[in-house]
Amino acid sequence: MHYKFKKIEEKWQKKWLAAHAFRAQADSTRKKYYLLEMFPYPSGKIHMGHVRNYTIGDVASRFKMLQGYNVMHPMGFDAFGQPAENAAIKNKTKPDTWTRKCIKEMETELKRMGFSYDWEREVSTCDSDYYKWNQWIFLKMFERGLAYKKASAVNWCPSCSTTLANEEVVEGGCWRCHTKVEQKDLEQWYLKITEYKERLLEDLSQLKEWPQRVLAMQNNWIGKSSGVDIYFRLKDRDRVIPVFTTRADTIFGATYIVLAPEHPLVKELIQGRRQEKEALEFIDKVAKESKVVRASTDIKKEGVFTGSFAVNPVNNEEVPIWIADYVLMEYGTGAIMAVPTHDQRDFLFAREHKLAMRVVIQPKGNSINAEDLSQAYEGDGIQINSAEFNGLSNLEAKEKIAAWMEKKGIGKIQTHWRLRDWLISRQRYWGTPIPIIYCSKCGIVPVPYKDLPVELAKDAPFTGEGGNPLGKVKKFVEVKCPKCKGAARRETDTMATFFDSSWYFLRFCSPKFNDAPFNIGEAKYWMTVDQYIGGIEHAILHLLYSRFFTKFFQDIGMVDFPEPFQRLLTQGMVLKDGEVMSKSKGNIVDPDSMIKDYGADALRLFILFAAPPETELEWEERGLEGALKFLNRVWRIQENLKDKADAELLKVLHKTIKKVTEDFGEFKFNTAIANLMELTNAIYQLGADREVFSKLVIMLSPIAPHFCEELWEILGNKQSIFKASWLEYDPQLLVEENVELVIQVNGKVRSKIEVPRDIPEDKLKELVLKDEKLVPWLEGRPLKKFILVPQKLINIVI
RNA sequence: GCCGAAGUGGUGGAAUGGCAUACACGUCGGUCUCAAAAACCGAUGAGGGCAACCUCGUAAGGGUUCAACUCCCUUCUUCGGCACCA
């Protein structure tokens with residue numbers, strides 16, 4: 001028979017809720033601990049990924065609680081977003097109705113897992129109490145020129161019929177529906193995240209407790225690249241084309257330059273030339289190409305000659321100016337110098353179009369020449385054909401040439417970045433309205449703070465056709481200009497939902513605060529988030545945006561720290577048969593039915609035991625059975641308690657306390673559980689008294705909270721187990737009088753010996769050399785060395 | 001191509017210089033039972049040996065060390081990020 005998990009879990013969930021057991025209040029006399037898991041999109045059902053994420057967080061939270069910290073562990077819902085609109089169209093309902101129903105269902109499921117949230121702090125981003133502050137933040141950014149509108153080619157998802165941020169384009173497709181992203185010229189709202197690029201990059205080094213790979217991904221994404229802008233003069237006109245290079249050492253090998261087809265100078269360069277028609281056709285062709293096609297490395301590099309020439313400023317050589325599709329307008333200066341001998345792309349292009357090549361770097365101990373090359377030499381070496389720089393190593397020359405060019409005014413040491421401004425407007429209904437009004441007289445007018453929130457029109461029609469439903473609500477669109485009171489039109493675009501989640505961790509500090517997005521004093525107490533837990537899929541998007549927002553709040557004096565998340569854990573995915581669980585694969589395991597069959601505590605235990613938190617976890621129902629089996633085993637201990645535990649068991653207990661405390665602190669829940677299992681096994685061998693058993697129950701309580709509350713009550717305690725304190729171990733009990741030493745001969749284990757722990761070395765040596773088992777190994781061979789690792793091992797070298 | 005993570009029994013995994021495979025799953029054997037389930041006890045890396053034991057073994061190869069899953073070098077494989085980024 002299993003212990004009655006269903007009854008027990010329901011009982012304690014009710015009690016916790018009624019007692020506001022996890023209510024957090026700022027208290028400057030107590031040490032705080034802010035634990036946060038990434039809040040979910042309310043799809044209605046939780047999945048195993050949520051269960052894993054939130055279980056990890058819950059154990060950490062309850063452990064810190066037992067350790068006496070003032071723990072804040074909030075939960076909320078990232079409730080805006082497209083699925084609600086799709087559902088509204090499909091089910092003929094409103095996004096609002098649908099979302100709220102989903103939130104209700106999800107709350108129930110989360111409660112059923114026994115998570116220790118302070119539900120009084122719950123926020124949903126779709127509440128105007130919340131999104132009002134999105135608008136407030138937007139206006140603050142607008143005032144500082146950090147929110148701005150511009151027309152440009154933007155990423156457009158035809159299936160979602162909305163724009164996408166660069167961060168939301170994954171392998172050329174929409175991050176949500178994978179539809180191929182198109183380019184469209186639109187006027188859109190942007191946030192100037194690029195203004196923070198240096199700080200976003202530099203402060204990564206402060207994040208010592210973030211996973212390496214997340215730091216690496218952010219680093220890549222920001223994409224700082226240092227080099228030189230070199231100024232090429234036009235041969236027949238007083239105009240300059242700057243090109244960007246990271247390889248200033250190859251400048252003497254630049255035999256032509258290439259502009260992106262969209263480069264503003266191109267039209268002028270080709271005008272009236274023999275090549276004009278061909279060039280125009282080429283530009284037109286490239287313009288029609290999608291970014292994905294153009295970005296594929298394996299495609300042949302195409303280009304045309306402009307008919308114009310430029311002058312290489314280091315040697316006054318005339319070089320032809322080409323345009324080619326492999327040069328991108330968005331990066332660097334939109335123009336490059338081509339060094340076919342030392343850049344593979346230039347090499348392929350030059351060979352195709354029979355352009356000149358010159359070797360300027362010789363590999364050490366080898367000699368190459370342009371005619372014989374089958375590919376570019378991109379490695380290091382010694383400068384040749386480079387005037388006064390000949391003979392230098394190219395690495396040295398790179399520095400020297402850059403400095404020399406800067407001094408002569410023909411170049412400038414320059415840094416270029418990959419990071420672009422963040423496109424935030426979306427042509428969708430279910431999001432935060434952008435608080436802007438367009439007036440034919442006054443232009444772009446921000447909605448005054450006193451008029452916030454700009455509420456979503458509740459009665460927008462959901463037909464699935466004809467663009468943003470907000471645009472069809474006259475009442476919403478037609479407004480008076482706040483400045484001149486004349487007729488004006490309201491912005492109908494809404495904000496990307498990543499805006500909402502970029503600061504919710506601050507809102508949790510004072511979720512009902514009415515005067516600002518958050519109460520500065522409360523945030524000062526609770527922030528920063530001590531431990532943040534979530535999926536790796538947010539390594540760039542959400543985490544980068546949140547860092548940006550925090551720096552913005554720092555700049556406007558609302559917080560006094562640059563980074564929001566002290567420590568980050570990215571939990572691994574839950575797999576079934578080696579694959580990610582998904583509807584399309586039909587391999588989804590529903591947490592709710594697992595709770596029904598095994599109980600939430602067993603589910604929590606299994607998911608923590610099966611793998612360390614960061615690695616992928618293979619779903620195995622047998623393992624879940626095993627977890628329940630273990631809980632039953634612990635349950636039965638109470639039926640056979642002794643009056644006094646023996647000394648041997650106390651030693652095991654205190655070792656376990658030490659190990660489990662350390663493991664919990666480092667989120668090594670799998671080994672912590674293994675240790676608790678060993679203690680349980682020892683209790684089965686030796687028998688436990690009520691004190692030892694109570695301690696086992698305390699250690700297990702963060703993992704299986706309902707189960708342990710019940711046992712705690714059975715043991716006669718009146719208060720919740722989470723009012724108890726965590727355990728101290730007695731170091732005295734960890735000291736063994738006798739220790740077993742391993743005896744190795746030449747590094748191989750040949751014998752073992754039990755000796756008093758403080759035995760003097762000479763006496764030990766005498767004892768060891770008498771060991772019968774060693775005789776065949778030592779006989780007739782001179783002893784070279786006797787190595788003793790105290791209390792562990794002896795190695796005899798012969 | 002660049003950056004990052006990883007590779008250990010039949011399986012999930014443990015050990016971060018000191019007994020490789022803790023803990024669990026699975027499998028096999030036993031106790032209890034008319035029988036089964038549950039529970040409990042035991043065995044379980046491979047090969048050899050009646051046995052005591054021996055040899056091999058942490059992706060592959062090399063190195064450092066008395067001692068290497070662990071540190072260093074080279075290579076391979078898998079996963080993830082970035083990428084005609086100049």
Base, sugar-phosphate alone, or nothing: which one does [X] contact when heavy atoms must sit under 4.0 Å apart?
| X | result |
| --- | --- |
| A:W417 | nothing |
| A:E616 | sugar-phosphate |
| A:K224 | nothing |
| A:V742 | base |
| A:A216 | sugar-phosphate |
| A:P211 | nothing |
| A:V749 | sugar-phosphate |
| A:K752 | base |
| A:E618 | nothing |

Assert: residue with more 5' nearest nucleotide on RNA chain B, out of A:Y331 and A:A610, is A:A610
Closer to the 5' end of RNA chain B via nearest nucleotide, is it A:R420 or A:I673?
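Nearer the 5' end of the strand: A:I673.
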Going by purine N1 to pyrimidine N3 plus the second Watson-Crick contact, or the G-U wobble pair, all under 3.5 Å, which nucleotide sits opposite [N]?
| N | answer |
| --- | --- |
| B:U44 | B:G26 |
| B:G57 | none |
| B:C32 | none |

What is the distance, rounded to the nearest whole Å, between atom [atom1] of [X] and atom [atom2] of [N]?
| X | N | atom1 | atom2 | value |
| --- | --- | --- | --- | --- |
| A:I540 | B:C3 | CD1 | C1' | 12 Å |
| A:I222 | B:G81 | CD1 | P | 18 Å |
| A:L543 | B:G81 | CG | P | 15 Å |
| A:L419 | B:C82 | CG | C1' | 13 Å |
| A:L348 | B:G1 | CG | P | 15 Å |
| A:D346 | B:C84 | CG | P | 15 Å |
| A:Y684 | B:A39 | OH | P | 10 Å |

More than 12 heavy atoms of other groups within 6.0 Å of A:M573 CE
no
Check whether any side-chain N or O of [X] sits under 4.0 Å from OP1 or OP2 of [N], and answer yes or no.
| X | N | value |
| --- | --- | --- |
| A:R213 | B:A6 | no |
| A:K785 | B:A67 | no |
| A:T671 | B:C23 | no |
| A:R750 | B:C54 | yes |
| A:N681 | B:A24 | yes |
| A:R345 | B:A86 | no |
| A:K748 | B:C56 | yes |

Is A:R418 positioned over the aromatic face of A:W221, cation under 6.0 angstrom from the ring centre and no more than 45 degrees off axis?
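Yes.
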Do A:R622 and A:E620 sit within salt-bridge range, that is, some charged N less than 4.0 Å from a carboxylate O?
no
Before accepting this row, confirm whether a basic side-chain N of the pair A:K658/A:E662 lies closer than 4.0 Å to the acidic partner's carboxylate O.
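Result for this pair is yes, salt bridge flagged.
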Nearest to side-chain heavy atoms of A:Y326, which nucleotide of B:C3, B:G26, B:C84
B:C84
Closest to the A:F244 side chain: B:A86, B:G18, B:A24?
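Nucleotide nearest to A:F244's side chain: B:A86.
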Side chain to side chain contact (heavy atoms under 4.5 Å, CB included), that's the test. Do A:V749 and A:I743 meet it? Break it down for me.
CA-CA 6 Å; A:V749 181; A:I743 306 176; over 6 Å; no
Checking only heavy atoms, does the side chain of A:N795 share a donor-acceptor pair with the base of B:C66 at less than 3.5 Å?
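Check passes, donor-acceptor contact within cut-off.
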Ring centers of A:F667, A:F669 separated by less than 6.0 Å:
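Yes - the distance between ring centres of A:F667 and A:F669 falls below the 6.0 Å cut-off.
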A:F244 vs A:H416 aromatic rings, parallel, tilted or perpendicular, using cut-offs 30° and 60°?
perpendicular
